[in-house]
Amino acid sequence: MSDLWITALRGTEVALRDELREMGFRGAKADRGGARVPVDGGNELEVAFQICLWTRIGVRVLVPVANEIEARDEAALYDGVRAIPWERWLDASTSIAVSTVSRSSAMTNERFLALKIKDAIVDRLRDVTGDRPSVDRDDPAAPVFVHLKNDRARVFLDASGDALHRRGYRLAHGEAPLKETLAAAVLRLSGWDRESPLVDPTCGSGTLAIEADLWARDVAPGLSRDRFAVERWRSMDDGLQARFAEARERAARLARREGPDVFASDHDVNVVDAATANARRIRSNVRFSIGRFGNLEPTRPSGTVVANLPYGERIAIDPSLWDEVARAMHRGASMRWALLLGGAPPDGVLPSPDALVPLWNGPIECRLALIGSRR
Ligand SMILES: C[S@@+](CC[C@H](N)C(=O)[O-])C[C@H]1O[C@@H](n2cnc3c(N)ncnc32)[C@H](O)[C@@H]1O
């Protein structure tokens with residue numbers, strides 16, 4: 001039994017765990033920076049593929065290729081990595097790229113560590129296959145990730161390849177777009193039932209609304225990817241290939257054409273145009289309009305408002321926006337509200353939240369204020 005490690009943005013780990021459990025991985029556990037999924041030996045690539053295809057919150061799906069190895073010094077690390085049976089997954093035609101993170105360890109130079117690890121993998125494959133794999137930093141077939149902690153290294157192959165937030169639909173965006181994976185976590189944390197209407201009144205490039213629509217209609221986010229890194233490994237035999245194809249077909253069948261009403265608006269006509277183009281690219285049903293937050297009308301039946309308000313240095317919050325938010329909340333008092341805030345609003349503007357969930361949008365520490373979440 002070993003654990004797949006699914007990385008996630010800081011603050012979204014519990015939402016990821018819940019998503020994985022809902023996918024059927026009952027043993028999923030949240031941890032700092034992601035979640036673990038225990039797998040029985042033998043089927044880890046299939047589980048990894050399934051998660052690549054379906055996770056909306058996970059950023060990378062890492063397959064362990066060695067138990068913790070000794071990494072007190074360069075020689076121990078090199079020997080440990082060279083002893084891994086890389087030929088099980090890779091051959092000389094599989095391009096690689098190594099990235100490392102070192103914490104609380106004697107060796108701290110991550111670039112140097114990556115170089116040593118790359119040498120060990122190349123030497124192993126050359127010995128076994130007679131040929132050397134190439135290094136491709138831009139589009140490696142086998143991204144290798146090594147995490148050093150307390151002088152021990154955990155070695156993983158990244159089954160996803162390109163980070164999973166790159167869904168491919170968001171070519172156009174306004175300022176400060178949310179990563180798709182963070183948007184998906186916000187939606188899950190908002191408590192939205194995926195049936196009643198959902199509104200995003202500060203939609204920017206439309207990420208929250210588009211993610212909401214795709215989630216409610218069970219459109220697997222990985223369906224828009226041609227292939228994941230795992231599909232480029234030597235371990236892809238015909239059986240695995242057929243099972244991956246089946247998983248894709250099943251996902252395509254599950255996607256529904258119709259879903260709940262999802263509305264999105266913004267006061268900036270240019271970003272609404274960009275959001276509309278993004279939604280069209282992924283065949284999303286979101287209905288866009290141009291409008292100010294203060295004019296937001298409550299939906300019938302009552303639904304959920306999810307908004308990512310302007311914040312930080314990139315968009316200084318306009319004080320009059322708070323008046324608009326307060327007005328809209330007064331009118332929409334029967335709705336649930338989930339507001340992603342960069343800073344605390346002035347006292348007395350918002351009703352006191354039921355919960356304030358800490359989330360990180362890159363380096364920016366935010367709070368997701370949940371109001372009316374028991375409605
Ligand atoms: C942080 S951005 C939203 C980014 C969005 N979540 C995305 O992923 O692209 C905030 C948005 O609020 C909009 N905005 C600011 N004040 C507004 C107002 N009074 N009414 C409506 N939209 C407003 C801005 O035009 C901007 O697009």
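All values below come from the heavy atoms of this structure, side chains included, with hydrogens, waters and symmetry mates left out.
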* To do: Taking all non-hydrogen atoms of both residues into account, name the closest pair between Met107 and Leu148 and its distance.
  => O-CD2, 4.0 Å
* **Ser334 (side chain) donor-acceptor with Ser302 (main chain) under 3.5 angstrom** => no
* To do: Report yes or no: do Val39 and Trp54 belong to one cluster of Ile/Leu/Val/Met/Phe/Trp/Tyr joined by side chain heavy-atom distances under 4.5 Å?
  => yes
* **Intermediate values then yes/no, side-chain contact (heavy atoms from CB on, under 4.5 Å), Val286 and Asp200** => CA-CA 10 Å; Val286 175; Asp200 176 1; over 6 Å; no
* Taking every non-hydrogen atom, the tightest pair across Ile96 and Lys118 -> CD1-CG, 4.1 Å
* Asked: Side-chain contact, heavy-atom cut-off 4.5 Å: Ile282 with Ser224?
  -> yes
* **Derivation and outcome, side-chain contact (heavy atoms from CB on, under 4.5 Å), residues Leu341 and Leu350** => CA-CA 12 Å; Leu341 309 170; Leu350 303 184; 4.3 Å; yes
* **Side-chain heavy-atom pair Ile51, Phe25 within 4.5 angstrom cut-off** => yes
* Asked: When rounded to the nearest 0.5 angstrom, what is the spacing between CZ in Arg36 and CZ in Arg17?
  -> 14.0 Å
* **ILVMFWY cluster, Val101 and Phe156 together (side-chain gap under 4.5 Å)** => yes
* Asked: Do Asp3 and Arg154 sit within salt-bridge range, that is, some charged N less than 4.0 Å from a carboxylate O?
  -> no
* Heavy atoms of other groups near Arg283 CZ, more than 12 under 6.0 Å -> no
* Asked: When you check the gap from the basic side-chain N to the acidic O, do Arg188 and Glu19 get nearer than 4.0 Å?
  -> no
* To do: For the pair Val262 and Asn285, evaluate side-chain contact (heavy atoms from CB on, under 4.5 Å) and give the outcome as yes or no after the intermediate values.
  => CA-CA 7 Å; Val262 177; Asn285 296 342; over 6 Å; no
* Might you work through the side chain to side chain donor-acceptor pair (under 3.5 Å) test for Ser190 and Thr304, ending with a clear yes or no? => CA-CA 8 Å; Ser190 76; Thr304 302; 5.6 Å; no
* Asked: Are any of the side-chain heavy atoms of Arg170 and Glu180 separated by less than 4.5 Å?
  -> yes
* To do: Answer whether the closest heavy-atom distance between the side chains of Pro301 and Pro197 falls below 4.5 Å.
  => yes
* To do: Check whether Phe244 and Leu4 end up in the same hydrophobic cluster, where Ile, Leu, Val, Met, Phe, Trp and Tyr are linked by side-chain heavy atoms less than 4.5 Å apart.
  => yes
* Pro353 and Ile371, any side-chain heavy atoms less than 4.5 Å apart -> yes
* Are the side chain of Arg103 and the backbone of His147 linked by a donor-acceptor contact shorter than 3.5 Å? -> no
* Take atom CG of Asp237 as the centre, draw a 6.0 Å sphere, and report whether it contains more than 12 heavy atoms from other residues, nucleotides or ligands. => yes
* Asked: Are the side chains of Leu340 and Leu368 in touch, meaning some heavy atoms are under 4.5 Å apart?
  -> yes
* Taking C-beta and beyond as the side chain, do Val305 and Phe263 meet within less than 4.5 Å on heavy atoms? -> no
* Asked: Are Val144 and Val65 connected in a single hydrophobic cluster, I mean Ile/Leu/Val/Met/Phe/Trp/Tyr linked by side-chain heavy atoms less than 4.5 Å apart?
  -> yes
* With rounding to the nearest 0.5 Å, note down the distance linking SG in Cys52 to CG in Asp162. => 11.5 Å
* Asked: Taking Thr129 for the side chain and Leu125 for the main chain, is one N or O donor matched with an acceptor at less than 3.5 Å?
  -> yes
* To do: Provide the closest heavy-atom pair for Asp158 versus Val61 in the form atom of the first, atom of the second, distance.
  => OD1-O, 3.5 Å
* Under a single-linkage definition using a 4.5 Å side-chain heavy-atom cutoff for Ile, Leu, Val, Met, Phe, Trp and Tyr, are Val230 and Ile84 assigned to the same hydrophobic cluster? -> yes
* **Asn361 side chain vs Ile364 backbone, donor-acceptor pair below 3.5 Å** => no
* Asked: Just by distance, do the side chain of Asp266 and the backbone of Gly204 share a donor-acceptor pair under 3.5 Å?
  -> yes
* Residue Asp193 excluded, over 12 heavy atoms near CG under 6.0 Å -> yes
* Asked: When the ring planes of Phe228 and Phe49 are compared, do they come out parallel, tilted or perpendicular, using 30° and 60° as the limits?
  -> perpendicular
* **Between CG on residue Asp268 and CZ on residue Arg292, distance to nearest 0.5 Å** => 11.0 Å
* To do: Output yes when a side-chain donor or acceptor of Ser105 lies under 3.5 Å from a complementary backbone atom of Asn150, and no otherwise.
  => yes
* Test item: Ser95 side-chain N/O and Ala141 main-chain N/O as donor-acceptor pair under 3.5 Å -> yes
* How many angstroms lie between atom CG of Asn295 and atom CD1 of Ile290, to the nearest 0.5 angstrom? -> 13.0 Å
* Enter the distance from Trp215:CH2 to Leu187:CG here, rounded to the nearest 0.5 Å. => 6.5 Å
* Asked: Glu249 side chain to Ala247 main-chain N or O, any donor-acceptor pair under 3.5 Å?
  -> no
* State the OG-CG distance between Ser99 and Leu113, to the nearest 0.5 angstrom. => 11.5 Å
* How would you list all residue pairs meeting salt bridge (Lys or Arg N to Asp or Glu O under 4.0 Å) that involve residues 75-93, not counting sequence neighbours? -> Arg82-Asp123, Arg82-Asp127, Glu87-Arg124
* Val63 and Ala159: which non-hydrogen atoms are nearest, and at how many Å? -> CG2-CB, 4.1 Å
* Show your reasoning for whether side-chain contact (heavy atoms from CB on, under 4.5 Å) applies to Val155 and Trp86. => CA-CA 11 Å; Val155 185; Trp86 290 99; 3.6 Å; yes
* Asked: Any donor-acceptor pair under 3.5 Å linking the side chain of Arg232 with the backbone of Ala142?
  -> no
* Asp151 side-chain N/O to Ala106 backbone N/O, donor-acceptor pair under 3.5 Å -> yes
* Answer yes or no: is there a side-chain heavy-atom contact under 4.5 Å between Met23 and Thr55? => yes
* Structure fact -> Taking every heavy atom of Val37 against every heavy atom of Val47, the minimum-distance pair comes out as CG1-CG1, 4.3 Å
* Can you list every pair that meets salt bridge (Lys or Arg N to Asp or Glu O under 4.0 Å) and has a residue in residues 205-227, with sequence neighbours left out? -> Arg167-Glu211, Asp213-Arg217, Asp218-Arg256
* Minimum-distance pair of heavy atoms, taken over all atoms of Leu20 and Ala28 -> CB-CB, 3.7 Å
